[in-house]
Amino acid sequence: MSNNKVSIATKPLVYSAFRYIENKVWNALAEYVDNALQSFKDHQDELRQLNPNSKLRVNINIDIDEDIITITDNAFGIAADCYDRAFELANIPLDRKGLNEFGMGMKVSSIWLSDLWEVKTKALGEPFVKTLVFNIHEVINNQDLELPVTFEPDSVNEHYTIVTLKKLSQNKPRPRQIAYVKKHLASIYSKFIRDGILDLVVNDELLEDTQLQCLVAPYYKTPEAEPIQWKREIDFEAPKYDENGQQIGVYYAKGFVGILERMSTSQDNGILLFRRGRVIGSSFDEKYRPKILSGEEGSPRYKRIYGELELDGFDVSFTKSSFQDDDEFSQFIETICDDIKEEVKKGTFPDIFGQAQNYTKPKSRADRAKAGHHLVKSIAAEIAKPIEIPIDSDPNPSVEIPEAVANAISTTTQQLENPSSAVSPEAFSIPPIETEVIPSVNTKFTLVIDGVSGNTNTGLYSLTEHPDGKYYATINLSNGFFERFRDCLSDEDSINQLAYFIKNLVVTELLLLNSGTRSATSFRNQFNKLFGLI
């Protein structure tokens, strides 16, 4: 910096190109946090001489109505001898091992987000505050290579930087995105927040690190065994080679892979990938979920595998939105997975992937009753929908039934109507719901549906006609069918699919009974025999 001016040395038209790079709001805002963190770390001793309890605080205020974003930090500030480096594009820091390794973050983010930005900074120990204003349209029109800097006196003990973005671009966050931005920033800086290094505030909300709970449970194949914590610590390295096959270093990963206590479909599950303490391209709901590690998308394993990996040896994009060296990166993760599997084979570590895929959490009586009530309501709602029944030329078809089926008197119905054997004290019942089945314009049946739990040895459902002219269906919620699909009972789409399936079974038998078909009950008996009694 000389003559109260600072160099922005590059061709001004280059700046306009930054407006159109692929980026995300939280990645752009994270660049200011990175700069503040690096400044705080580089001068931590000096700052703590002034205040032993010194802690970095970054405050981001996004005012959509006023079209302004302000980022304030209490780091060391930008000193005079670093000022040119801070504003010249791609003036790479002498030490590239920090968070501001490219010398582009603040400039690129500011141009990406706004037409006019101002930086006011006060470095600890300096007697003045420096202010620079960057108007992208004036810089381009005037072909400016330098910009004026104003100086005002201030206490030598003050230290801060305030970046004000005005005339926001089309890349600015929308009101509905603010909550999303907060979650991503909290995820990106979760380690610094967790370690008490950083207070990150967005629109007056202090962001917090979400502590996820690791599963503590017995192995699914030995449910009576002692519970264990399903977390595998990772401390792994592999050689790094150049294009000539010469080793030039190592790829390194440290952290853990575990199983979530509660399944998650898109937020908590997956791996946070860190580099130099901050997350790269895998924050919040964009976590890293490779098939080799997380299994098939939508599977229980996919919903349960989570973890954190601090990586070294890999380069990142200049927006810090992704790791580079895709082939080497994928191979490295695959090697880590192979190492875990090898330990499982040797018996030196439990089967974490098998547990993630197959473990089902025992449900309390209240949980099962709630899920059962929801299912019975869904079945009733399905049955109440209009039904289109194909017209048969013979309304009372004669059905030939195998002798074994015809002679199979239903123990299922008897057990549901007289549940005297093997009834668990955890049994519960679902209040009856009355609905109507309308298979045609001139036909209507009244069907009363309820549910019971407590006897696993009975069929999936029963159906009887009572003297009041109504049909009564009882769903056996302890049947092995529901045990097989237990996890589905917490998912709305799966509940609706199960309800549709059971509705068609019940209505089919109802129509057969009403038509006088002798095989109506035998239809259910055979179904329960082949499928219901699992």
Side-chain angles (χ1 to χ4, degrees), residues 26 29-63 69-83 85-86 93-95 97-101 105-106 109 118-131 151-164 178 181-212 254-255 272 274-280 283-284 308 310 320:
W26 47 89
L29 293 173
E31 292 291 351
Y32 304 101
V33 185
D34 282 353
N35 287 344
L37 271 166
Q38 195 59 50
S39 172
F40 181 81
K41 290 172 68 178
D42 288 345
H43 300 279
Q44 198 163 341
D45 292 342
E46 298 158 88
L47 292 169
R48 287 189 171 166
Q49 284 180 6
L50 185 67
N51 178 6
N53 299 315
S54 179
K55 185 177 183 180
L56 177 64
R57 185 179 180 89
V58 180
N59 197 318
I60 300 174
N61 188 69
I62 304 170
D63 191 330
I69 297 175
T70 306
I71 306 100
T72 305
D73 71 66
N74 66 340
F76 185 82
I78 305 175
D81 58 354
C82 297
Y83 211 68
R85 188 178 302 279
L94 298 176
D95 182 0
K97 296 179 180 179
L99 295 170
N100 55 349
E101 60 190 298
M106 178 179 68
S109 290
E118 174 188 280
V119 179
K120 178 180 288 189
T121 186
K122 169 66 182 62
L124 179 64
E126 293 181 352
F128 45 78
V129 57
K130 306 177 287 292
T131 302
F151 293 80
E152 298 175 65
D154 203 347
S155 167
V156 293
N157 289 332
E158 290 294 331
H159 52 95
Y160 59 83
T161 297
I162 304 171
V163 180
T164 305
I178 303 300
V181 168
K182 291 178 181 179
K183 290 175 180 177
H184 275 279
L185 287 173
S187 182
I188 291 171
Y189 296 101
S190 54
K191 277 191 178 181
F192 292 106
I193 294 171
R194 183 189 313 162
D195 294 342
I197 296 172
L198 170 67
D199 280 345
L200 181 55
V201 180
V202 179
N203 282 16
D204 300 322
E205 180 183 341
L206 179 64
L207 304 187
E208 297 180 350
D209 170 46
T210 302
Q211 293 293 309
L212 301 177
K254 184 176 178 63
L272 284 173
F274 292 84
R275 179 175 178 269
R276 301 177 183 176
R278 60 98 85 195
V279 169
I280 301 294
S283 53
F284 184 45
E308 296 183 357
E310 176 75 36
K320 300 173 190 169

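Along the sequence shown, the residues carry numbers beginning at 1.
- N74 places a side-chain N or O within 3.5 Å of a backbone atom of K55 that can act as its donor or acceptor partner.
- When side chains are defined from C-beta on, I162 counts as touching T70, because their heavy atoms get closer than 4.5 Å.
- Between E310 and R276 there is no salt bridge, since no side-chain nitrogen of the basic residue lies less than 4.0 Å from a carboxylate oxygen of the acidic one.
- With sequence neighbours excluded, no residue forms a side chain to side chain donor-acceptor pair (under 3.5 Å) with S190.
- Taken from CG in L206 to CZ in R57, the straight-line distance is 6.5 Å, to the nearest 0.5 Å.
- Remark: E158 pairs with no residue by the side chain to side chain donor-acceptor pair (under 3.5 Å) rule, at least two apart or across chains.
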**Message:** Quick one, Y160 with D154, criterion side-chain contact (heavy atoms from CB on, under 4.5 Å). Give me CA distance, side-chain angles, the key distance, then yes/no.
**Reply:** CA-CA 11 Å; Y160 59 83; D154 203 347; 3.0 Å; yes

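- Ring-plane geometry between H184 and W26 is classed as parallel, the angle between the planes falling under 30 degrees on a 0 to 90 degree scale with a further cut at 60.
- In this structure R194 satisfies the salt bridge (charged side-chain N to carboxylate O under 4.0 Å, His left out) test together with D209, E308, sequence neighbours excluded.
- Cation-pi contact between K122 and F128: absent, since separation from the ring centre below 6.0 Å together with deviation from the ring axis within 45° is not met.
- Contact check for F40 versus D73: no side-chain heavy atoms found under the 4.5 Å cut-off.
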**Prompt:** Checking side-chain contact (heavy atoms from CB on, under 4.5 Å) for the pair L50/N157: CA distance, chi angles, key distance, verdict?
**Reply:** CA-CA 8 Å; L50 185 67; N157 289 332; 3.8 Å; yes

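- The two residues A30 and I188 make their nearest non-hydrogen contact at CB-CD1, 4.4 Å.
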**Message:** Go through it in stages, so that I can follow the logic: the residues are Q38 and D42, the test is side-chain hydrogen bond (donor to acceptor under 3.5 Å, both in side chains), and I'd like the CA-CA distance, side-chain angles, deciding distance and then a yes or no.
**Reply:** CA-CA 6 Å; Q38 195 59 50; D42 288 345; 3.0 Å; yes

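- By the side chain to side chain donor-acceptor pair (under 3.5 Å) test, S187 pairs with no residue at all, sequence neighbours left out.
- At distances below 3.5 Å, at least one donor-acceptor pair connects side-chain atoms of T121 with backbone N or O atoms of I78.
- A distance-only check finds no donor-acceptor pair linking the side chain of Y32 to the backbone of I60 [under 3.5 Å].
- Although no hydrogens or angles enter the test, the distance criterion places a donor-acceptor pair under 3.5 Å between the side chain of N203 and the main chain of I62.
- Residues satisfying the side-chain contact (heavy atoms from CB on, under 4.5 Å) test with T210, not counting sequence neighbours, are L212.
- Partners of E118 under the side chain to side chain donor-acceptor pair (under 3.5 Å) rule, at least two apart in sequence or in another chain, do not exist in this structure.
- Rounded to the nearest 0.5 angstrom, N61 CG and I69 CD1 are separated by 9.0 Å.
- With hydrogens and angles disregarded, a donor-acceptor distance shorter than 3.5 Å links the side chain of S39 to the backbone of F76.
- Other residues, nucleotides and ligands contribute only 12 or fewer heavy atoms inside 6.0 Å of the CD atom of E208.
- A donor-acceptor pair is defined here as one N or O able to donate and one able to accept, closer than 3.5 Å; no such pair exists between the side chain of E126 and the backbone of A79.
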**Item:** Pair F192-V58, side-chain contact (heavy atoms from CB on, under 4.5 Å): steps then yes or no
**Value:** CA-CA 12 Å; F192 292 106; V58 180; over 6 Å; no

**Item:** side-chain contact (heavy atoms from CB on, under 4.5 Å) between L200 and L185, worked out
**Value:** CA-CA 8 Å; L200 181 55; L185 287 173; 4.1 Å; yes

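- With rounding to the nearest 0.5 Å, the separation of NZ in K183 from OG in S283 is 12.5 Å.
- Note: L47 CG to H159 NE2 = 5.5 Å, rounded to the nearest 0.5 Å.
- D45 and Q49 are not linked by any side-chain donor-acceptor pair at a separation below 3.5 angstrom, with hydrogens and angles left out of the test.
- In terms of modelled atom types and a separation under 3.5 Å, the side chain of D195 and the main chain of I197 share no donor-acceptor contact.
- Taking CG of N59 as the start and CG of D204 as the end, the distance is 6.5 Å to the nearest 0.5 Å.
- How far CG of L198 is from CG of L207: 8.5 Å, rounded to the nearest 0.5 Å.
- At least one side-chain heavy atom of V119 sits under 4.5 Å from a side-chain heavy atom of T161.
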**Request:** Would you please test K182 and E205 for salt bridge (Lys or Arg N to Asp or Glu O under 4.0 Å) and show each step?
**Result:** CA-CA 9 Å; K182 291 178 181 179; E205 180 183 341; 2.8 Å; yes

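- The minimum heavy-atom distance linking K191 with G277 is given by the pair CB-O, 3.7 Å.
- At a threshold of 4.5 Å between non-hydrogen side-chain atoms, the residues L124 and H43 do not count as touching.
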